[in-house]
Structures are given as C-alpha cells and as structure tokens.
Amino acid sequence: MTDTSDTRSFAGGEAREPQESRLHRLMRYLPLIAPVLLWAVPCWVLLHGGQHWPLPVTLTGTALFALGLVGMPLALVRGHGRRQQDRAAIVGDTLLGASWILFTWSVLLGVLLRFALVLADVGESQDRARIVAWAVLGTTAMLLAWGYAEARRVPRVRRLDVQLPRLGAGLDGTRVVLVTDTHYGPLDRARWSERVCETVNSLEADLVCHTGDIADGTAERRRAQAVPLGTVRATRARVYVTGNHEYYSEAQGWVDLMDELGWEPLRNRHVLLERGGDTLVVAGVDDVTAESSGLAGHRAHLAGALNGTDPDLPVLLLAHQPKFVDRAAAAGVDLQLSGHTHGGQIWPFHHLVRVDQPALAGLTHHGDRTLLYTSRGTGFWGPPFRVFAPSEITLLTLRSPHPPASR
C-alpha cells in the first residue's frame, strides 16, 4: 500500500449555477404556511366538512388539531434548535410525519372518494362526508403503522450489476456495498446499527461506501449508535464522504470518528483499488454545503479529488447529493454513488425532492458516459416513517465489458 497526501493505494468540471424559480421562492415561505395547512385541512375534512358530528366530538377534535398546530412547531424548535432536546425532537418529528400523512390522504380522499360517492349516488351529503372521514382515519392509521415498521426495520439488500465500459477485466465482479443516510438521532438505534453492519458483512464486499448523513447530532452525542460501523468488513477499503447533516453537527468530529473507526474519509481525495492488473479510482468529495459551513478546508472540490489520477482509468465517485452529477459528468466520471433523497421517504414528498435533485432513486445516465446510482437511504430522517419509499443497503457488482474467460 502506498500513501501520499492525495492518494492511497489498496493493492490486490464545471458547476452549473441554479437559477431560482418561482417554486424555489415559494419554498422559502413553506415553513410558515406548512404547519397551518398540515393541520387545518384535515381538521376541516374530518370535522367541519358536512359530517355534523355531536358537538362534544367536534369541539374535542378541533381542540386536538389546534394543540397539534401549536405543539408541533414548538417541539421541533426545542428538539432541533439550540436546546437539542431529544424527547422534544421525537415528539415533533412524529407529529410532523403523522400530520403529513393525514394531510395527504385528507386531500386525496376528500376530493377523489367524495367525488366517486357523488357519482355513485351513495347516501346523503352527511353520509358521504362521514364515509370520507372514516376512510381518511383508517388509511392514515394503517400507513402510520406500516410506515413506522418500514422505517425501523433493517433495510433489505438491493442488488444490481453495473457495467462500466472502461472497467478492466481484472476488476470484473468487484462488489461495492453502499450505505448512506443512517441518520442516527434522537431515537436510539444502536442495536439497529449493529444489525445493519451484520447485514453488510454478510455481503462480503470488496469496497464499502458510506455517502454521508451519518447522524443528526455531534459525533460525541451519537457515538454509541455509530460505533458499530467499526465492525464493517471489506476486502479492500471502507470509504466515507460527508453529507449535509454533518455540517449541522460539527462535521470535523464525524470525519475524525470515522477515521478512528477504520474508515477512509475521502475529503476531496482518492484511493486506488487494484486487482488482476487493473485499477479503479475511488474518489470522494465533501458535500456541496461544506463551503457555506464556514469550516476551514471543507468544500466540494472534484479537481482536487482526481488530482494525479490517470485520465484513462475508470472513476467511481462518492458525492452525497445527486445534483453533483453535473460536475461529475463534465469531468468524465464513470459512476457516482449518492444518497440524500431518501426516495422521498414519505409519499408524495418525492415531488418536492425532484425540485432540487436530478434523480430520486436507482440508476440513471448523465452525459456521455456517467452513471449515477442514488440510494433511497439506509435509515430515516426526522419522522420515523417510510411510506412507499423503502430503505436499502445496496450491493453493486461492477462489470467489465470484457470479463476474463475464467476465474
């Protein structure tokens, strides 16, 4: 193994400035109007849309919605603001996820189901309103229970072969495992972390990658949940890049902890993976939010990550956010691995994610030769629910167009 300031070997572009659209400007005001919509719309659909419930039911239900409208922002501020109170964060996050699901299905069923009932001439107006209310409550309860189980389980392994035209025959069959967005946080998931690492080890990877957003909180605070990452095994290397959430929580502490746990932080650097006489450049960049964090030396610098590499060698790049792929494609990167999107996490939030990112999940093509794989993430952020956006541990088997005739 050779070691330089920019490259470690394991034996065996140009940025496009986004133009602010009307939708982006509207997103600025979303934190102000969203809580009102999330609670007021379901309140109307369930209680005041022609159901004519008994007065005690209407008053009690309205009071509960008002409590949610006031309590959720307060809990989120106490949980994720300066005080960083985990119990408040759990309450606020849970209310946020529950209200989003309730809002979504209040809108969908409040319009579509009511329209269908009118067309079918089912009952009187009050009967239809009550059918819609019970359907919204039942659907929400089912999705909350299912979504919670989906968020807390160990992710299923997603397996796929990825052919890289420039990959040498000696590297055909290289096994790359991707975990990302573990988001260790207020809910203690140390045991979950251990089981995720056990699953990763069962895959017998050559290279294991973590593309950031390890946790919500500092390394010191979430250390117990992150320590199992030190048990991950790979025949060649374990590599890591920062995500945007590291820069909310003293990113350098996470870089240092991952280094301590035996992972290679690829902070605008690369390593060389060699096998069978062929070489793969494995590069990584800091998250695109790094420079605005104010931390000295932290920025996304692809040219620095590729400095000193042979331009004829294939490049696998770790970059937390899919939108970095424009720069990767301009530099001729063969495969970029990313996370960040969570696949939307709670449907239909993926429509908002696509406003900011070029890909939501899976393998996509960009430019002349660049492939982007976007993981839906291994953990969850904030609300402990995943609805129609399952988590994943990804096993990518790299394929050469000219594999060796025999092993």
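All residue numbers in this chain count up from 1 along the given sequence. Fair warning: this is a prediction, and the values are worked out from it, not measured in the lab.
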Open item on the list: Pair Leu207, Cys209 - check side-chain contact (heavy atoms from CB on, under 4.5 Å), show working.
Closed with: CA-CA 7 Å; Leu207 177 71; Cys209 308; 3.8 Å; yes

Task: Candidate pair His342 and His350, rule ring pair (Phe, Tyr, Trp, His ring centres under 6.0 Å), full reasoning - done: CA-CA 9 Å; His342 299 203; His350 65 284; over 10 Å; no

Task: side chain to side chain donor-acceptor pair (under 3.5 Å) between Glu204 and Ser202, intermediate numbers included - done: CA-CA 6 Å; Glu204 300 180 340; Ser202 72; over 6 Å; no

Open item on the list: Run the side-chain contact (heavy atoms from CB on, under 4.5 Å) test on Gln252 and Glu246 for me, step by step, so that the C-alpha distance in whole Å, both residues' side-chain angles and the decisive distance to 0.1 Å come before the verdict.
Closed with: CA-CA 8 Å; Gln252 188 59 49; Glu246 277 86 331; over 6 Å; no

Task: side-chain contact (heavy atoms from CB on, under 4.5 Å) assessment of Val162 paired with Thr397 - done: CA-CA 6 Å; Val162 179; Thr397 303; over 6 Å; no

Task: Worked verdict on Thr378 versus Asp181 for side-chain contact (heavy atoms from CB on, under 4.5 Å) - done: CA-CA 6 Å; Thr378 308; Asp181 299 274; over 6 Å; no

- [ ] Let me see the working for His270 and Asn307 under side chain to side chain donor-acceptor pair (under 3.5 Å), right down to the final yes or no.
- [x] CA-CA 8 Å; His270 67 268; Asn307 184 42; over 6 Å; no

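Across every non-hydrogen atom of Pro155 and Val196, the tightest pair is CD-CG2, 4.0 Å. What you find for Ala389 and Gln345 is that their closest heavy atoms are CB-N, 3.5 Å. Contact between Leu69 and Pro35 at its shortest, heavy atoms only, is CD1-O, 3.3 Å. Counting all heavy atoms, side chain and backbone alike, Phe380 lies closest to Arg152 at CE2-CD, 3.9 Å. For the residue pair Ala329 and Thr370, the shortest heavy atom distance occurs at CA-OG1, 3.2 Å. Annotation for Gly217 and Trp254: closest pair O-NE1, 3.0 Å, computed over non-hydrogen atoms.
Counting heavy-atom neighbours within 6.0 Å of Arg223 CZ, excluding the residue itself, gives a total of 12 or less. Residue Glu291 places its CD atom among 12 or fewer non-hydrogen atoms of other residues, nucleotides or ligands, all under 6.0 Å distant. Other residues, nucleotides and ligands place no more than 12 heavy atoms under 6.0 Å from the CZ atom of Arg299. Trp381 CH2: 12 or fewer foreign heavy atoms inside a 6.0 Å radius. Around the CG atom of Asp161, the shell of radius 6.0 Å holds more than 12 heavy atoms that belong to other residues, nucleotides or ligands. No more than 12 heavy atoms of other residues, nucleotides or ligands shown are found within 6.0 angstrom of CD on Glu250.
Judged by distance alone, the side chain of Thr309 and the main-chain N or O of Leu306 form a donor-acceptor pair under 3.5 Å. The main-chain N or O of Pro322 is never found under 3.5 Å from a side-chain atom of Thr374 such that the two would form a donor-acceptor pair. For Arg386 (side chain) and Gly379 (main-chain N/O), a donor-acceptor pair under 3.5 Å exists by modelled atom type. A donor-acceptor contact shorter than 3.5 Å is absent between the side chain of Asn268 and the backbone of Ala305. A donor-acceptor pair is defined here as one N or O able to donate and one able to accept, closer than 3.5 Å; no such pair exists between the side chain of Arg128 and the backbone of Arg114. A donor-acceptor contact shorter than 3.5 Å links the side chain of Arg238 to the backbone of Val232. Judged by distance alone, the side chain of Arg175 and the main-chain N or O of Leu396 form no donor-acceptor pair under 3.5 Å.
In this structure, Ser249 and Asp216 have side chains that are not in contact, with every pair of non-hydrogen atoms separated by 4.5 Å or more. Here the side chains of Ile214 and Tyr184 are in contact, with some heavy-atom distance below 4.5 Å. The side-chain heavy atoms of Val288 and Arg327, taken from C-beta on, include a pair separated by under 4.5 Å. Between Pro314 and Val281, every side-chain heavy-atom pair lies at or beyond the 4.5 Å cut-off.
Arg354 forms no cation-pi arrangement with Phe349, by the criterion of a distance under 6.0 Å to the ring centre and an angle within 45° of the ring axis.
Here the CD-CZ distance, from Gln225 to Arg189, works out to 6.5 Å after rounding to the nearest 0.5 Å.
Ring geometry, Trp146 versus Phe388: the interplanar angle falls from 30° to 60°, so the pair is classed tilted. The aromatic rings of His48 and Trp44 sit parallel, their planes meeting at an angle under 30°, below the 60° perpendicular limit.
Counted by atom type alone, Arg153 and Tyr148 present zero donor-acceptor pairs between their side chains at under 3.5 Å. For Thr394 and Glu392, the side-chain atoms include at least one donor-acceptor pair closer than 3.5 Å. Donor-acceptor pairing under 3.5 Å is recorded for the side chains of Thr364 and His366. Looking at Gln321 and Asn244, their side chains never bring a donor and an acceptor atom within 3.5 Å of each other. Thr235 and Asp206 are linked by a side-chain donor-acceptor pair at a separation below 3.5 angstrom, with hydrogens and angles left out of the test.
Using a 4.0 Å cut-off between charged nitrogen and carboxylate oxygen, Arg156 and Glu150 count as a salt-bridge pair. Ion pairing between Asp86 and Arg221 holds under the 4.0 Å rule for side-chain N and carboxylate O. A salt bridge links Asp286 with Arg267; the closest basic N to acidic carboxylate O contact falls under 4.0 Å. The pair Arg269-Glu264 meets the salt-bridge criterion, with a side-chain N (NZ, NE, NH1 or NH2) lying under 4.0 Å from an Asp/Glu carboxylate O. Under the 4.0 Å criterion applied to side-chain N and carboxylate O atoms, Glu194 and Arg191 are assigned as salt-bridge partners.
The six-membered or imidazole ring of Phe385 lies away from that of Trp347, with a centre-to-centre distance of 6.0 Å or more. For His298 and Tyr247, the ring centers are positioned less than 6.0 Å apart.
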